[in-house]
Colleague: 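Attaching a single structure in structure tokens format; questions to follow.
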Protein chains: 2
Amino acid sequence: MHYSSFLNYINKYIDLTEKEIAFLRSNTNYKKYLKGHYIVQQGAVCKHTNFIISGCTKNFYVDQQGQEHIVTFAIENWWSADLSSFITQTPSDFNVKCIEATEVIQFTYQNQDEIFQNIPKMETLFRKLLEKALVSSQKRIVNNFSLSAKDQYLYFKKQFSTIEQRVPQYMVASYLGITKEFLSKIKTELAKD
Amino acid sequence: MHYSSFLNYINKYIDLTEKEIAFLRSNTNYKKYLKGHYIVQQGAVCKHTNFIISGCTKNFYVDQQGQEHIVTFAIENWWSADLSSFITQTPSDFNVKCIEATEVIQFTYQNQDEIFQNIPKMETLFRKLLEKALVSSQKRIVNNFSLSAKDQYLYFKKQFSTIEQRVPQYMVASYLGITKEFLSKIKTELAKD
DNA sequence: TGAATTTGTTAATCTAGTTTATTTTTTTAT
DNA sequence: ATAAAAAAATAAACTAGATTAACAAATTCA
């Protein structure tokens, strides 16, 4: 069943009783998106937090010049949403789009609230996930400041080699905040060694 | 008393009973740091999460070239720590240093754990604070990508005018990820209008 | 009060990364 | 298998921001 990979994931961090599992199941739902489809669109409210069972998404922002800036990728066993829009339930500045066909377990703001109230362990888990996400977000800011584009690329490669193999190169460039032309240049330079 | 501003802050978000307040008090402690003193030092474990009662701190990283990069500032009613080191209780890559004499309420990892176990509302509060912090961290990444140095400065000014007035200009430059010379240039250009 | 230290300015030169434009390679769909 | 579309490479001209260095203001503190 679709839920098993979700429950396996949860199980790595906390122990749930049968009752709690049933409660979780009744407060989430499964959804499948096709490649290229949007889970969240700029201007719309982000209704769900999504746990990815399979597939790959990008969370990105389109600036005034029409340029796309990728904030995060997400693959199996990661969470994907526009957090800002989700927690405030106001229109989003970001898009979440499927780079591959993507299966998710999703829950609404209300679902989340009820889950936290009924299964406090779940709130603890989320608190810890947020802590980790904030740490890596801050790490990214520091890298932006202190590493050259080349070193940032190498860091990305090391950290997310699976993702690099699944997304087109111009998206990696967008994630790194450089042009696709410059990333291409960096790669040919690196290949010389 | 020192605690009143801390309790006022907490009170804005959640209601605590007398008992809970007493518990909180017995699981935190007050400390005063002089200007220039370190709350956390690169290489040491970050023992406490700090709630700032008065003063101003910077959280920064010194890179291999000896260059200082400011990740965050914190003033009254903000939280300050090296989250990465605190949650893992391993040596820190960052420093937290007082730009002004700074009074804090601090709690250890163990304190925090006990607080969350005894006052679940506190964990909910922290979960929400982390959500907000993550949103603004992601916003900063996007700004880094899509705004010119000038526009990033204007955004900082708008968002943190109080901080700008309290810290030297070269620290603002460091926070923005540009040189102090270039920030100076930006400011004289802006002054022409 | 004034010497020392810290902070901020100006200007010339330099470079990492952008822009624009063209060509080549890979993928997708028929 | 092949035409069309998407992705990647190459290269020349350009620019935002860095570096270096010298100087000017503002603070600090004896």
Side-chain angles (χ1 to χ4, degrees), chain A residues 34-37 56 58 60 63-70 73 97-101 140-157 163-193, chain B residues 34-37 56 58 60 62-70 73 97-101 141-157 163-193:
Chain A
L34 294 177
K35 179 177 176 174
H37 280 206
C56 181
K58 61 175 174 177
F60 66 102
D63 70 18
Q64 258 126 4
Q65 289 87 54
Q67 274 246 282
E68 180 177 314
H69 303 278
I70 296 179
F73 292 109
K97 190 175 179 178
C98 300
I99 299 174
E100 303 170 1
R140 197 159 155 218
I141 290 171
V142 168
N143 281 352
N144 255 320
F145 285 164
S146 48
L147 300 184
S148 66
K150 182 175 163 184
D151 287 342
Q152 271 175 263
Y153 169 64
L154 289 172
Y155 183 81
F156 172 81
K157 218 172 143 70
I163 292 177
E164 200 201 357
Q165 282 149 32
R166 284 162 73 169
V167 308
Q169 191 170 305
Y170 73 88
M171 288 191 196
V172 174
S174 169
Y175 176 87
L176 295 174
I178 61 176
T179 58
K180 58 193 197 314
E181 290 84 356
F182 193 54
L183 179 54
S184 174
K185 203 170 165 182
I186 287 169
K187 287 186 83 173
T188 50
E189 255 173 51
L190 284 169
K192 277 184 204 154
D193 309 333
Chain B
L34 295 176
K35 180 176 175 172
H37 280 207
C56 181
K58 60 175 175 179
F60 66 102
V62 179
D63 69 19
Q64 257 124 4
Q65 288 86 54
Q67 274 245 282
E68 180 177 315
H69 303 279
I70 296 179
F73 292 110
K97 190 174 180 180
C98 300
I99 299 173
E100 303 169 1
I141 290 171
V142 169
N143 281 351
N144 254 320
F145 285 164
S146 48
L147 301 185
S148 66
K150 182 175 162 185
D151 287 342
Q152 271 176 261
Y153 169 63
L154 289 171
Y155 182 82
F156 173 81
K157 219 173 142 73
I163 292 177
E164 201 201 357
Q165 282 149 32
R166 283 162 73 170
V167 308
Q169 190 169 307
Y170 72 88
M171 287 189 195
V172 175
S174 169
Y175 176 87
L176 295 174
I178 60 178
T179 58
K180 57 193 198 314
E181 290 85 356
F182 193 55
L183 179 54
S184 176
K185 202 170 167 183
I186 286 169
K187 287 185 83 172
T188 49
E189 254 172 52
L190 284 169
K192 279 185 204 156
D193 309 333

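Here is the naming used below: chain letters follow the sequence lines, and residue numbers restart at 1 for every chain. Computed from a predicted model, the values in this text were never measured in an experiment.
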Colleague: To check you understand the geometry: which heavy-atom pair defines the closest contact between Ser184(B) and Gln169(B), and what is its length?
Modeller: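 Result for this residue pair: CA-NE2, 3.8 Å.
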Colleague: Output all residues satisfying side chain to side chain donor-acceptor pair (under 3.5 Å) with Glu181(B), sequence neighbours left out; order by chain, then residue number.
Modeller: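 With sequence neighbours excluded, Glu181(B) shows a side chain to side chain donor-acceptor pair (under 3.5 Å) to no residue whatsoever.
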Colleague: Can you give me the closest heavy-atom contact between Lys185(A) and Thr188(A), atom names plus distance?
Modeller: O-OG1, 2.8 Å
Colleague: Rounded to whole angstrom units, what separation is found between the CD1 atom of Ile186(B) and the P atom of dT10(C)?
Modeller: 14 Å
Colleague: If I take atom NZ in residue Lys185(B) and atom P in nucleotide dA11(C), what distance separates them, rounded to the nearest angstrom?
Modeller: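 Value for this atom pair: 10 Å.
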Colleague: Can you pull out how bent the helix from dT1(C)-dA30(D) to dT30(C)-dA1(D) is, comparing the axes over its first five and last five pairs, to 10°?
Modeller: 60°
Colleague: Please give, in whole Å, the distance from dT10(C) P to Lys187(B) NZ?
Modeller: 12 Å
Colleague: Taking all non-hydrogen atoms of both residues into account, name the closest pair between Val167(B) and Cys56(B) and its distance.
Modeller: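 Residues Val167(B) and Cys56(B), closest heavy atoms: CG1-SG, 4.1 Å.
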Colleague: Looking only at heavy atoms, what is the nearest atom pair of Asn144(B) and Gln152(B), with distance?
Modeller: OD1-NE2, 3.1 Å
Colleague: Taking all heavy atoms of Leu34(A) and all of Cys98(A), pick out the closest pair and write down the distance.
Modeller: O-CB, 3.7 Å
Colleague: Between P on dT6(C) and CD1 on Ile99(B), what's the gap in Å once rounded to a whole number?
Modeller: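 So the CD1-P distance, Ile99(B) to dT6(C), works out to 16 Å.
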Colleague: Which whole-number value in Å describes the distance from Tyr153(B) OH to dG17(D) C1'?
Modeller: 17 Å
Colleague: Round to a whole Å and report the spacing from CD of Gln152(A) to C1' of dG17(C).
Modeller: 12 Å
Colleague: Check each of Phe73(B), Tyr170(B), Phe60(B), Tyr155(B) against Tyr175(B) using the ring pair (Phe, Tyr, Trp, His ring centres under 6.0 Å) test, and report the only one that passes.
Modeller: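 The passing option is Phe73(B).
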Colleague: Going by side chain to side chain donor-acceptor pair (under 3.5 Å), name the residues that satisfy it together with Gln67(B), two or more places apart in sequence or in a different chain.
Modeller: none
Colleague: What integer distance in Å separates Leu183(B):CG from dT19(D):C1'?
Modeller: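 These atoms are roughly 16 Å apart.
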Colleague: Determine the minimum heavy-atom distance between Lys97(B) and Gly36(B), stating which atoms define it.
Modeller: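 Closest approach of Lys97(B) to Gly36(B): CE-O, 3.2 Å.
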Colleague: Run the side-chain contact (heavy atoms from CB on, under 4.5 Å) check on Asp63(B) and His69(B) step by step: do they pass?
Modeller: CA-CA 8 Å; Asp63(B) 69 19; His69(B) 303 279; 2.7 Å; yes
Colleague: List, with names and distances, any nitrogen or oxygen atoms from the protein found under 3.5 Å away from nitrogen or oxygen atoms belonging to nucleotides 19-27 of chain C.
Modeller:
none

Colleague: If you find the nucleotide of DNA chain D closest to Ala149(B) and the one closest to Lys35(B), which residue's nucleotide is nearer the 5' end?
Modeller: Ala149(B)
Colleague: Looking at residues at least two apart in the chain, or sitting in another chain, which of them share a side-chain contact (heavy atoms from CB on, under 4.5 Å) with Glu164(B)?
Modeller: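 Only Tyr153(B), Phe156(B), Lys157(B), Val172(B), Lys187(B) meet the side-chain contact (heavy atoms from CB on, under 4.5 Å) criterion with Glu164(B).
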Colleague: Taking only heavy atoms on the protein side, list every residue of residues 163-178 of chain A lying under 4.0 Å from any atom of DNA chain C, sorted numerically.
Modeller: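 Residues of residues 163-178 of chain A that come under 4.0 Å of DNA chain C are, in numerical order, Gly177(A), Ile178(A).
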